Amino acid sequence: MTIASDTNSANVAERLTATARAMPDALGVVVARHGRRVQPEYARWTFRELEEDTDRIARGLVASGVQPGCRLALLVPPSYEFIALVFALFKSGAVPILIDPGMGRSNMLRCLADAHPEGFVAIPLVHAVRTLLRRRFPEAQLNVTVGRRWFWRGPTLDGIRHLGERKMPLPVVQADDPAAIIFTTGSTGPPKGVLYRHGNFGAQVDEIRDCYGIEPGEIDLACFPLFGLFNCAMGVTTVIPELDAARPASVDPVTLIRTVADLGVTQSFGSPAIWNRVGRYCRQTKSSLPTLRRVMSAGAPVSPEVLELTLESISDEGEVHTPYGATEALPVASISAREVLDDTAAATWRGAGTCVGRKYPGIEWRVIRIVDGPIGSLAEAEVLPPGEIGELIVSGPVVTREYVKPPEANERGKIYERGTVWHRMGDVGYFDDEERFWYCGRLTHRVRTAEGTLYTDPCEAIFNCHPQVFRSALVGVGPPGSQRPVIIVEPHPEHWPRRREDRARFTEELRAIAAAHGTTTSIRDFLFHSSLPVDIRHNAKIFREKLVDWAAAGIGATDRAAGASQSGRAS
């Protein structure tokens, strides 16, 4: 069953209205509250209650002065209020600015300043900081406190709800109208603000629903808050788990499993870090999630091991999917765990890259020859044949057209061609004969040595086969063209080489692996790191830029030690 809106508005919030009309008494949002309680508690709201509340908040925002296109920074943790406020802001015509607080204080403040918010809808702590730094946000005049107001002015959320008791018309929104500004994680440079339009969101909902066969009445465990927003537009119950969104890898498997069982959860979206932890727990304790029929995991390449762990922990008829995309273009492609395990995993371990699958129906894509600077038009891009590694570019209704800041990001990241916008994914890889895309890493992470170019994903997968390696990172030390490739290994904690002889043995084993594969024969330097730096949003993307200086220092120390040893033997 597909729920259709009966209005002419392209506002993505109209999909919530249609859901509330079709299934008013179905659960819309459930918030899990465990804490130290013996029995967990679940706060529940129906779609009708959510629809009425978002209408009330939207009218209150309009009454308080919010105009269509007004940019409001939304800084509220995952909660019922977060979901209600996003849809209310859509209904009011406002443009919520969505920023992950986990990106760090300095990055967050810079992103907020770049987005020029006209107000903040936020918890008290955020308003306290905003008040102290008011000069950085001179345009922020429409400020709503979610909770108790302290020493600043402006209405509370309850006050906005009271204002919204008066019936008043809400603006009509078109598909091309701005809907939200969402910031990238900044895994390969400073975070950038991506301008979403209502048409982008509508296309995303349709593509995801149709690709995975999602039906109204399903129950989703939203381990990634932004993905949970799609549920209300599809008639799916959103369950917000007790989970630190800034540290998903720290999830308590017992709590998550209990929530799934108590509420009969049927699907979930979460980072590979979550499913690695939950899957390992299920295997060790012989636990399972029998109601879970569909799992989606993304944010970084999902290893075959994590896919296998997850697949064996859910329903026997269930499937794990790894949608591929970026903040600027999502979804682009998808592949199932069974296709990976039955077909592509063996090639991945041999260094072929990670197959992310086939494109969604609404996507057009090309692999073009790598160019480090801007590309003015599609005619300037050389399209490559299957099997040849280049940069992936995509277009389609889910692809956003522009960044809000900095302006030069559009020159580097977009190709404008006769009304069509192609987004440069910044990912390198190739198509196979079935037009599946094989991801080989980020363009900026490639290592250019005197012997040729190395790509992160194929090289790292080869070393990740070592049973004591949890994950690894390839970085280049020195100037491009003569870089020295270095593999930085994060062992499983129980296999950390504590003694010098253990480290020497481990290193020799890694060198033997490198020598056995044509892709990695030029890699001779290995370092050990107890915890590689990763992104906050998914705890999966490795911040290789942060490792370059660390690797240079480590290699320098190794060279000095080797030189001293040779000098000692000579004397």
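It should be emphasised that the depicted structure is a prediction, and the values quoted were computed from it without experimental measurement.
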- Task: Examine distances only and state if a side-chain atom of Glu380 and a backbone atom of Gly376 form a donor-acceptor pair shorter than 3.5 Å.
- Result: yes
- Output field: ring centroids His198/Phe90 closer than 6.0 Å: yes
- Task: Return yes if some donor-acceptor pair links the side-chain N/O of Asn464 with the main-chain N/O of Ser472 below 3.5 Å, else return no.
- Result: yes
- Query: Does the salt bridge (Lys or Arg N to Asp or Glu O under 4.0 Å) test come out yes or no for Arg293 and Glu319, once each step is laid out?
  - Reply: CA-CA 6 Å; Arg293 301 193 302 271; Glu319 183 57 276; over 6 Å; no
- Message: If only side-chain N and O atoms count, and only distance matters, is there a donor-acceptor pair under 3.5 Å linking Trp365 with Glu435?
- Response: yes
- Message: Over 60° means perpendicular and under 30° means parallel, so tell me whether Phe506 and Phe528 are parallel, tilted or perpendicular.
- Response: tilted
- Query: Checking Arg110 side chain against Pro191 main chain: does a donor-acceptor pair fall under 3.5 Å?
  - Reply: yes
- Message: Test side chain to side chain contact (heavy atoms under 4.5 Å, CB included) on Thr266 and Leu292; report intermediate values, then the result.
- Response: CA-CA 4 Å; Thr266 60; Leu292 202 54; 5.8 Å; no
- Task: Give a yes or no on whether the backbone of Ile274 and the side-chain of Arg277 come within a donor-acceptor separation of less than 3.5 Å.
- Result: no
- Message: For Arg358 and Glu339: C-alpha separation, side-chain torsions, deciding distance, then whether salt bridge (Lys or Arg N to Asp or Glu O under 4.0 Å) applies.
- Response: CA-CA 11 Å; Arg358 297 170 179 81; Glu339 184 175 359; 2.9 Å; yes
- Task: Give a yes-or-no answer on whether the side chains of Gln267 and Asp220 include a donor-acceptor pair shorter than 3.5 Å.
- Result: yes
- Starting from the C-alpha separation in whole Å, work towards a yes-or-no answer on side chain to side chain contact (heavy atoms under 4.5 Å, CB included) for Leu392 and Val394. CA-CA 7 Å; Leu392 182 67; Val394 299; 4.1 Å; yes
- Query: Using the ring of each side chain (for Trp, its six-membered ring), is Phe431 parallel, tilted or perpendicular to Phe437, with breaks at 30° and 60°?
  - Reply: perpendicular
- Message: As a quick check of understanding, evaluate salt bridge (Lys or Arg N to Asp or Glu O under 4.0 Å) for Arg412 and Asp372, giving each step before the final call.
- Response: CA-CA 9 Å; Arg412 294 194 302 267; Asp372 286 304; over 6 Å; no
- Message: Taking the basic N atoms (NZ, or NE/NH1/NH2) and the acidic carboxylate oxygens, is any pair closer than 4.0 Å for Asp432 and Arg436?
- Response: yes
- Message: Would you say that Trp275 contacts Val320 through its side chain, given a criterion of any heavy-atom pair below 4.5 Å between the two side chains?
- Response: no
- Query: Considering only heavy atoms from C-beta outward, does the side chain of His423 approach that of Thr400 to under 4.5 Å?
  - Reply: no
- Heavy atoms, side chains only, cut-off 4.5 Å: are Cys355 and Ile335 in contact? yes
- Query: Below 4.5 Å, heavy atoms only, C-beta onward: do Ile208 and Phe269 meet side chain to side chain?
  - Reply: no
- Query: Is the gap between the ring centers of Phe526 and Phe463 under 6.0 Å?
  - Reply: yes
- Item | Salt bridge flag under 4.0 Å for residues Lys414 and Glu402 | no
- Message: Looking only at the side chains, is there a donor atom on one of Glu328 and Tyr403 sitting less than 3.5 Å from an acceptor on the other?
- Response: yes
- Message: Please determine whether a side-chain nitrogen of the Lys or Arg among Arg471 and Glu490 lies less than 4.0 Å from a carboxylate oxygen of the Asp or Glu.
- Response: yes
- Message: Any carboxylate oxygen within less than 4.0 angstrom of a Lys/Arg side-chain nitrogen, looking at Asp176 and Arg401?
- Response: yes
- Message: Any non-hydrogen side-chain atom of Ile181 less than 4.5 Å from a side-chain atom of Phe183?
- Response: yes
- Task: Classify the ring geometry between His492 and Phe470 as parallel (under 30°), tilted (30 to 60°) or perpendicular (over 60°).
- Result: tilted
- Query: Below 4.0 angstrom, N of the basic side chain to O of the carboxylate: do Arg71 and Glu139 qualify?
  - Reply: no
- Query: Has Lys359 got its NZ or CZ under 6.0 Å from the middle of the six-membered ring of Tyr324, at an angle within 45 degrees of the ring axis?
  - Reply: no
- Verify side chain to side chain contact (heavy atoms under 4.5 Å, CB included) between Leu109 and Ser106, making sure each step is shown before the conclusion. CA-CA 5 Å; Leu109 290 174; Ser106 60; 6.0 Å; no
- Give a yes-or-no answer on whether the side chains of Ser250 and Asp244 include a donor-acceptor pair shorter than 3.5 Å. no
- Query: Where the side chain of Asp457 meets the backbone of Thr354, is there a donor-acceptor pair that is under 3.5 Å apart?
  - Reply: yes
- Identify the heavy atoms of Ser377 and Glu417 that sit nearest to each other, and give their distance. CB-OE1, 3.3 Å
- Message: Please check: side-chain N/O of Thr453 versus main-chain N/O of Arg448, any donor-acceptor pairing under 3.5 Å?
- Response: no
- Task: Would you check if the side chain of Glu460 reaches a backbone N or O of Leu474 as a donor-acceptor pair within less than 3.5 Å?
- Result: yes
- Query: Are any side-chain N or O atoms of Gln174 and backbone N or O atoms of Ala10, one a donor and one an acceptor, separated by less than 3.5 Å?
  - Reply: no
- Query: Got a donor-acceptor contact below 3.5 angstrom from the Arg294 side chain to the Tyr212 backbone?
  - Reply: yes
- Take Ile488 and Leu532 through the test side chain to side chain contact (heavy atoms under 4.5 Å, CB included) and record every step on the way to the result. CA-CA 8 Å; Ile488 304 170; Leu532 295 177; 3.8 Å; yes
- Message: For Arg197, is there an ion pair with Asp177 - N to carboxylate O distance below 4.0 angstrom?
- Response: no
- Query: When you look at Arg209 and Glu215, which way does the salt bridge (Lys or Arg N to Asp or Glu O under 4.0 Å) test go after all the steps?
  - Reply: CA-CA 8 Å; Arg209 180 197 62 212; Glu215 295 284 344; over 6 Å; no
- If only atom types and distance count, is the side chain of His517 paired as donor or acceptor with the main-chain N or O of Thr519 below 3.5 Å? no
